[in-house]
Amino acid sequence: MKRGDWIALACAGLVVGALAFWPQDATREERAERVVAMADKWAGEIAFEPSYDALAPSGEALPAASAFSPAAVSSFDPSDPYSGLPRNDGYELVAGYCSGCHSLQIVMQQRHDARTWDGLLTFMVSQGMPAPEAAERANLISYLSRNFGAQPPAP
Amino acid sequence: MSGSPTRRALLAGGAALPLVGTAEAQEGAKAGLAALGDRPLVQETPPHLLDEEATPAARFFVRNNGQVPEIPAAVEGWRLRIDGEVERPLDLTLAQLKRDFESATLRLVIECAGNGRRFFRPAASGNQWTFGGVGCADWTGVRLRDVLQRAGVKRSAVYTGHYGADAHLSGDPQKTAISRGVPIAKALEAHTLIAWAMNGADMPVMNGHPLRLIVPGWPGSCSQKWLTRIWVRDREHDGEKMAQYRMPAYPVAPGTEVPESDMEIIESMPVKSLITFPPTGARVRFGGALDVRGHAWSGDVEVAHVDVSIDFGATWTRASLAPAANRYAWRRFRASVRPPEQGYYEIWARATDAQGRAQPASPPGWNPHGYCNNQQHRVAVFVT
């Protein structure tokens with residue numbers, strides 16, 4: 001069988017499985033559709049977690065200080081007035097907006113694409129953060145996804 | 001602690017940033033634990049520091065969601081209200097709790113539902129816990145069941161809603177930092193406690209002194225700290241973060257955006273284990289047997305057995321498993337392994353529950369908030 005056939009077969013299997021086991025309610029069909037949509041969008045490969053990631057040395061500050069950690073790229077530094085934020089366009093904005101309620105440590109340990117950062121900003125506004133106007137919001141998202149993106153630059 | 005966002009700094013051009021609160025928030029931080037957050041304080045315990053049967057207070061992990069409340073010196077007057085779907089709402093002091101109800105001491109695990117979050121790809125947002133968001137202590141208190149029965153649970157009762165004295169991070173009194181709850185059946189279990197002591201002493205303020213819930217086997221967030229109120233609800237509780245501690249109703253591909261209607265509240269936690277000896281990076285002499293030990297625990301389904309591997313999971317050795325001090329306590333496992341030659345080894349531990357479900361080697365089902373990662377713990381040792 002060709003690769004496409006296998007994928008089609010897997011999709012069909014998922015749908016049949018879903019129909020057989022899911023609750024008999026109105027959401028059943030919607031969920032089946034979402035699973036097909038998910039299968040369609042799938043990248044075609046399992047992203048295996050590097051095994052050494054689970055082997056951070058004991059006793060050291062985790063995760064920021066671990067040599068294996070992507071967080072080592074730019075780690076939180078409480079002694080720095082800007083908490084160790086990389087000094088590129090937007091760092092003052094992020095420090096200003098994001099260090100009132102919690103420190104920047106919770107911000108700097110994340111690794112997200114722009115869509116997820118955008119969602120987090122919405123969450124923060126619901127928690128009482130003054131809503132940034134459009135240009136500021138775009139700057140915040142741009143800084144966060146550039147410096148704390150899903151694929152951080154190598155150290 | 002000033003809670004207001006630093007608008008002032010923005011207006012002033014961001015020049016002088018008052019990064020307030022860091023120093024005060026460090027108060028109560030525990031030496032030797034790894035900080036995931038300094039404000040609010042969030043600390044996890046390196047696995048080798050969890051070797052004791054009962055986790056000492058000084059090593060018990062910390063997860064704060066809001067601002068730590070001021071605790072009065074005279075805590076016997078601390079008040080707990082029980083209201084909602086009950087015949088007789090109660091307003092109890094800590095002194096009354098101690099005097100009027102039978103007390104119990106139980107060894108119970110508390111684990112943050114986000115423990116292991118760091119290993120999900122793509123990354124899930126929140127504190128990037130590795131393995132140490134767990135502890136098991138001897139908790140003394142009264143059974144929540146006894147208190148609820150004194151209040152008289154109405155037939156209309158469905159769920160509990162828990163409240164504590166910690167303010168929201170913004171300082172806004174209209175907002176709640178966290179308010180989780182559990183179905184009445186879980187609240188009425190004999191191991192669900194309202195506790196005031198940990199290992200025979202007052203618990204650290206960072207762990208909820210003077211009064212907290214312990215809802216073993218379920219996400220740690222159910223075990224409200226600085227407990228002030230239990231609201232018995234006639235429906236599923238809808239307090240702050242009830243919407244957050246959820247997992248997809250069906251397995252999703254990594255990175256999928258899951259609609260809220262397809263997210264379900266996390267209840268019982270999955271089976272898990274931790275190698276507490278040897279510490280990772282240890283060097284051991286070639287030739288002899290290598291003793292391995294740790295703990296295994298689970299949610300509402302008990303642990304059945306633990307296996308250990310030193311060849312990346314190719315072969316497994318059954319560990320001995322000590323009886324639990326009581327239901328929901330973690331259980332000590334021990335194994336003796338013989339590395340066949342010198343070199344680099346990883347010791348992997350895999351617990352299996354009574355329903356045959358074992359810990360996976362890599363993170364299980366990706367989920368948007370990164371909960372319930374019960375992947376096998378591994379330590380590296382060099383046999384020299």
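Convention: sequence-line order gives letters A, B, ...; per-chain numbering from 1.
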Relative to chain A, which segment of P368(B) carries a heavy atom at a distance below 4.5 Å: side chain, backbone, both, or neither? neither

Evaluate the side-chain proximity of Q128(B) to R111(A): yes if any heavy-atom separation is below 4.5 Å, no if none is. no

Measure from the side-chain N and O atoms of R39(B) to the backbone N and O of S99(A), and report whether any donor-acceptor pair falls under 3.5 Å. yes

Minimum heavy-atom separation for I106(A) to G126(B), with atom names? CD1-C, 3.8 Å

Where on N127(B) is there a heavy atom nearer than 4.5 Å to chain A: the side chain, the backbone, both, or neither? both

Would one find more than 12 heavy atoms of other residues, nucleotides or ligands at under 6.0 Å from atom CZ of R283(B)? no

Bottom line for S125(B): the part with an atom under 4.5 Å from chain A's heavy atoms is both

Contact class of Q110(A) relative to chain B, heavy atoms under 4.5 angstrom: side chain

Portion of V258(B) that has a non-hydrogen atom of chain A nearer than 4.5 angstrom: neither

Under a 4.5 Å heavy-atom cut-off, does chain B meet the side chain of H112(A), its backbone, both or neither? side chain

Quick check: closest heavy atoms across C101(A) and S170(B), and the distance to 0.1 Å? SG-CA, 3.7 Å

Rounded to the nearest 0.5 Å, what separation is found between the NE2 atom of H102(A) and the CG atom of L169(B)? 7.0 Å

Checking A361(B) against chain A: side chain, backbone, both or neither under 4.5 Å from a heavy atom? neither

At a 4.5 Å cut-off on heavy atoms, which part of E240(B) comes close to chain A: side chain, backbone, both, or neither? side chain

